[in-house]
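Data block below; observations after.
Below, read A as the first sequence line, B as the second, and so on, with proteins coming before strands; counting in each chain starts at 1.
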2 protein chains.
Amino acid sequence: MTPLNDHQLDQLRDERKEQIKKAALKVFACRGLIGTKMSMIAQEAGISQGLSYRYYSSKDELFIALVQDAMEETAKAFAAFGLMKGSPLEKIKEFTINMLDESNRHSFMLIQQVQTSDEVPDKAKNIVQQYPTSSLIEQMTPIFKEGQEKGEFSKGDPAELLMLYFSVISGLMLLPHGLDGVNLIHHVDNLMKILKE
Amino acid sequence: MTPLNDHQLDQLRDERKEQIKKAALKVFACRGLIGTKMSMIAQEAGISQGLSYRYYSSKDELFIALVQDAMEETAKAFAAFGLMKGSPLEKIKEFTINMLDESNRHSFMLIQQVQTSDEVPDKAKNIVQQYPTSSLIEQMTPIFKEGQEKGEFSKGDPAELLMLYFSVISGLMLLPHGLDGVNLIHHVDNLMKILKE
DNA sequence: GTCTATAAGTCGATAGAC
DNA sequence: GTCTATCGACTTATAGAC
């Protein structure tokens, strides 16, 4: 067996860090920062409780790293929205399906916790505040206006329509998956009726 | 000052218990069972931490009492639905506004916690299971069928339409109030478009 | 690198003063 | 009836064996 060089060791370490983050996101998203014990994350990742601290120096640090990742993912999802093809309705539909996907849902639940709980580290709050929800949402305004001009969407203040749409999507994202086994993706067409006249 | 008789003393005690429950519902709903410290409830109720235990012998007992109340309230809200006046659409609209009311939202968030967390007392789980969500929801089926027959609602499996409606409402109920200041009540008419053709 | 054992701190619950 | 002080259990984070 050839000994591993520094680069390979670093890579191995990064892989383990990713393994811990993946386990932690699942548990933090469902149970919150305080409701999650380091032992739960360790168990989910298949390692001992003490070992976690060789990769993240504290529970808070791990939580903050996850929040950072989640915000970057979310910002990317909104940015990608501007580049989508098709009619306004088709764009919103694709965006909606993307948002309701499981991995996005966990990230979103984490961010929601940071925004609503006052027991998360200040550093986590600061990260989330760097990407104001309003500016994220406002990236969608042009598509809504276009949808109204083309007669695909109902008339009225586009900001209000956008806000209602976003509230509904946010609510669905917070729903524990499989509430009574509804396949939400299957119903996206029905959901889109909120936007139409 | 006339000394109070037994009945009056009991009544005073009950009032204090209600005061504690009201404070506890607010905190439990937002932070969950584990995320809530008895000291938070005591502070919200304006009493000392130790005094809470003169009225509820444990944090779990207090939580269970709240779950019991919440389930009874919820069951009542669904039962009242059958007695409402007006067209199917008007009934659903009234029901929706009722559900999105703050006091109902907190009860619903509590029940959702019992259903999704596995760290709540068994007794709480048992109470919630006594009122199966499915049977609660199914009380609305006749109205949906009627709405479809009258052409007010979109065609297709009424159970699926009902499920979509209920998922959306559930999601909105779980939303921390005032997410970016949307007045949801004001948008109920738009929401109802999900049901229409 | 990974685990087990333990020290320090936190919170639920109780005891005892007023 | 209410509060303050404290005990015991549990959790985070570290120390030390392998």
Just N and O in the side chain of B/Y55: are any of them under 4.0 Å from OP1 or OP2 of D/dT2? yes
Within residues 16-39 of chain B, the residues having a heavy atom closer than 4.0 Å to DNA chain D are B/R16
A/K21 side-chain N/O to A/A65 backbone N/O, donor-acceptor pair under 3.5 Å: no
Report the distance from atom NZ of B/K59 to atom C1' of C/dT14, rounded to the nearest whole Å. 17 Å
Please determine if B/E152 and B/K196 form a salt bridge, counting it only when a charged side-chain N lies under 4.0 Å from a carboxylate O. no
Upstream residue (5' side of DNA chain C) when A/I47 and B/S57 are each assigned their closest nucleotide: A/I47
Flag if over 12 foreign heavy atoms under 6.0 Å of CG, A/D157: yes
Close side-chain approach of B/F81 to B/Q139, heavy-atom, < 4.5 Å: no
Nearest to the B/L51 side chain among D/dT2, C/dA13, D/dG16, which nucleotide is it? D/dT2
Whole-Å gap separating P (D/dT12) and CD (A/E119): 14 Å
Could you note down all residue pairs passing side-chain hydrogen bond (donor to acceptor under 3.5 Å, both in side chains) where residues 70-79 of chain A supplies at least one of them, sequence neighbours left out? A/Q68-A/E72
Is B/D60 salt-bridged to B/K123, going by a charged N under 4.0 Å from an acidic O? no
Atom CD of A/Q49 and atom C1' of C/dA7: how far apart are they, to the nearest Å? 13 Å
Does D/dA13 have OP1 or OP2 sitting under 4.0 Å from an N or O in the side chain of A/Y53? yes
Atom CZ of A/R54 and atom P of C/dT4: how far apart are they, to the nearest Å? 14 Å
Could you give the CG-to-P distance, from A/D14 to C/dG1, as a whole number of Å? 12 Å
Closest nucleotide among D/dC3, D/dA13, C/dC3 to the B/S48 side chain: D/dC3
